[in-house]
Structures are given as structure tokens and as C-alpha cells.
Amino acid sequence: MEPSLTHVRKASIAFEKSAELELVVLKTHLLIEEKLREYLGNAFEDSSSIDKANLTFHQLLRLSRSLKVMEQLNWFWESVSALNKLRNEMAHELDCELNDKRLEPVIRPILKTGMAHIPQEAKDLLDPINGPLSFLYSQSCVLATGSGIFKHRV
């Protein structure tokens with residue numbers, strides 16, 4: 001199953017150029033959480049147990065990663081983990097400034113893959129941070145749908 005138009009619609013809302021950076025980070029976190037829940041719901045016969053467990057983002061991430069142990073996915077898990085850490089800092093530190101130092105752990109693993117390049121025609125639509133974060137979200141959609149690099153299901 002390929003990512004749907006719903007995925008594209010949600011991404012277009014989250015990654016619009018005029019969005020404040022803080023909002024982009026928070027929306028990306030929410031969208032990826034949704035995809036981790038979807039992935040786990042598809043991975044187990046009783047998906048309602050996952051919903052009833054009331055898992056935190058960190059727990060969803062660890063459980064998802066334990067089901068998908070592949071070295072070529074380390075960049076994804078590293079970046080999503082860093083995104084969660086950044087989101088927690090934003091939520092618990094009143095003066096949390098989103099600067100390159102805070103964003104680097106989220107972005108570095110994505111850029112190292114070489115897959116998250118922004119086409120020239122899209123450079124005017126996306127801020128530098130939006131491209132890698134939208135790529136990270138797109139990969140979480142691929143995880144949830146079981147296609148692409150995530151096609152080897154449990």
C-alpha cells in the first residue's frame with residue numbers, strides 16, 4: 001500500500017513555508033506519532049491492545065524499533081528519537097530556542113542518507129528545515145504502509 005492523499009494533505013499543512021519553526025517541529029512529532037501507532041496497529045493481530053496501552057511517543061518508538069531491526073534504518077530511528085527529545089525540551093523549557101545546535105541531531109541522520117535532497121523547483125516552497133522533516137514524515141508513512149525500505153514486515 002502506498003502513502004495516500006491523506007498523508008500528502010497532512011504533510012502540506014505541517015510543512016507550509018509560512019509555518020513557525022516550533023509549529024513545524026510539533027506537527028512533525030504528532031504526524032510521526034500517528035504513523036508509529038498505525039505501524040504497530042498493523043504489526044499485531046490485536047491492534048486495539050496497542051490503542052488501549054496508552055503508550056508514550058518514546059514507548060511507541062522503542063516498540064516499533066524492536067520490530068524493525070535493520071541497520072539501514074538506524075538513521076530513521078536516530079532522527080525520530082532526536083525529534084522526540086527536541087519536542088520534550090520545547091514542552092518543558094520555557095526558553096527553549098530552536099537553533100542549529102538543537103536541530104542538528106534531528107537533521108544530521110536524515111542528510112547523511114543522501115535521500116532527502118530538495119528538488120530545485122521545491123526550494124522556494126520549503127525552508128531548509130522543512131525539507132528534512134517532511135522527508136522524515138514521508139518515511140514514517142512508508143513504515144506505516146509497509147512499503148519501500150520498510151517493506152519487510154514482522
Side-chain angles (χ1 to χ4, degrees), residues 1-16 19-92 98 102-119 122 125-154:
M1 178 192 302
E2 292 297 314
S4 69
L5 287 176
T6 302
H7 299 131
V8 174
R9 183 186 60 73
K10 287 181 179 182
S12 69
I13 292 168
F15 304 113
E16 64 182 280
E20 293 294 324
L21 184 55
E22 291 84 0
L23 204 51
V24 171
V25 169
L26 292 174
K27 286 182 179 181
T28 303
H29 187 273
L30 284 171
L31 290 169
I32 291 175
E33 180 175 4
E34 179 183 87
K35 293 299 142 192
L36 291 175
R37 287 185 190 286
E38 184 178 332
Y39 168 66
L40 290 173
N42 292 332
F44 295 102
E45 282 187 42
D46 182 12
S47 63
S48 67
S49 292
I50 295 294
D51 294 334
K52 291 175 187 170
N54 233 2
L55 300 172
T56 66
F57 187 98
H58 181 76
Q59 292 167 330
L60 291 168
L61 174 63
R62 291 292 164 207
L63 184 55
S64 297
R65 185 175 187 163
S66 71
L67 293 173
K68 201 53 82 177
V69 181
M70 297 168 62
E71 190 173 323
Q72 70 260 35
L73 300 180
N74 286 347
W75 70 268
F76 177 80
W77 304 120
E78 181 183 346
S79 185
V80 172
S81 182
L83 177 68
N84 188 48
K85 182 177 184 232
L86 177 59
R87 178 260 171 219
N88 288 339
E89 289 170 357
M90 290 171 58
H92 300 286
L98 286 182
R102 287 192 191 257
L103 292 167
E104 193 272 338
V106 178
I107 302 303
R108 180 182 23 82
I110 300 167
L111 296 179
K112 281 176 33 179
T113 68
M115 295 186 286
H117 86 283
I118 302 173
L125 301 174
L126 298 171
D127 288 328
I129 187 74
N130 289 15
L133 289 180
S134 65
F135 177 75
L136 189 62
Y137 171 63
S138 75
Q139 295 309 294
S140 70
C141 292
V142 172
L143 169 69
T145 59
S147 57
I149 60 175
F150 297 102
K151 68 181 169 198
H152 301 290
R153 303 290 294 203
V154 292

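Computed from a predicted structure; not experimentally measured.
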Subject >> Atom pair CZ/CG of Phe135 and Leu111 - distance to nearest 0.5 Å >> reply: 10.0 Å
Subject >> Any Leu36 side-chain heavy atom under 4.5 Å of Phe57 side chain >> reply: yes
**OP:** Let me see the working for Trp75 and Leu136 under side-chain contact (heavy atoms from CB on, under 4.5 Å), right down to the final yes or no.
**Re:** CA-CA 10 Å; Trp75 70 268; Leu136 189 62; 4.0 Å; yes
Subject >> Residue pair Glu33 / Val80, side-chain heavy-atom distance below 4.5 Å >> reply: no
**OP:** Supply the atom-to-atom distance Leu26 CG to Glu20 CD, rounded to the nearest 0.5 angstrom.
**Re:** 11.5 Å
Original post:
Distance from Leu55 atom CG to Ser49 atom OG, nearest 0.5 Å?
Top reply: 10.5 Å
Under 3.5 Å, side-chain donor or acceptor atoms of residues 81-90 against the rest of the protein: list the pairs with distances, not counting sequence neighbours.
from  : atom 1 : to     : atom 2 : distance (Å)
Asn84 : OD1    : His29  : NE2    : 2.8
Asn88 : ND2    : Asn84  : O      : 3.4
Glu89 : OE1    : Arg102 : NH1    : 2.8

Original post:
In Å, rounded to the nearest 0.5 Å, how long is the span from CH2 of Trp77 to CE of Met70?
Top reply: 10.5 Å
**OP:** Kindly compute the distance separating CG (Leu133) from CG (Leu103), expressed to the nearest 0.5 Å.
**Re:** 7.5 Å
Original post:
So which heavy atom on Ala43 is nearest to which on Leu67, and how close?
Top reply: CB-CD1, 3.9 Å
**OP:** Could you check if a side-chain atom of Lys35 sits within less than 4.5 angstrom of a side-chain atom of Leu143, using non-hydrogen atoms only?
**Re:** no
Original post:
Quick one: does Ser140's side chain get under 4.5 Å of Phe76's, heavy atoms only?
Top reply: yes
Original post:
Backbone N or O of Ala144 within a donor-acceptor pair of the Asn42 side chain at under 3.5 Å?
Top reply: yes
Subject >> Atom pair CD1/CZ of Ile110 and Arg108 - distance to nearest 0.5 Å >> reply: 10.5 Å
Original post:
Is there a side-chain contact between Val25 and Val106 (heavy atoms, below 4.5 Å)?
Top reply: no
Original post:
So Leu60 and Tyr39, side-chain contact (heavy atoms from CB on, under 4.5 Å) or not? Walk me through it.
Top reply: CA-CA 10 Å; Leu60 291 168; Tyr39 168 66; over 6 Å; no
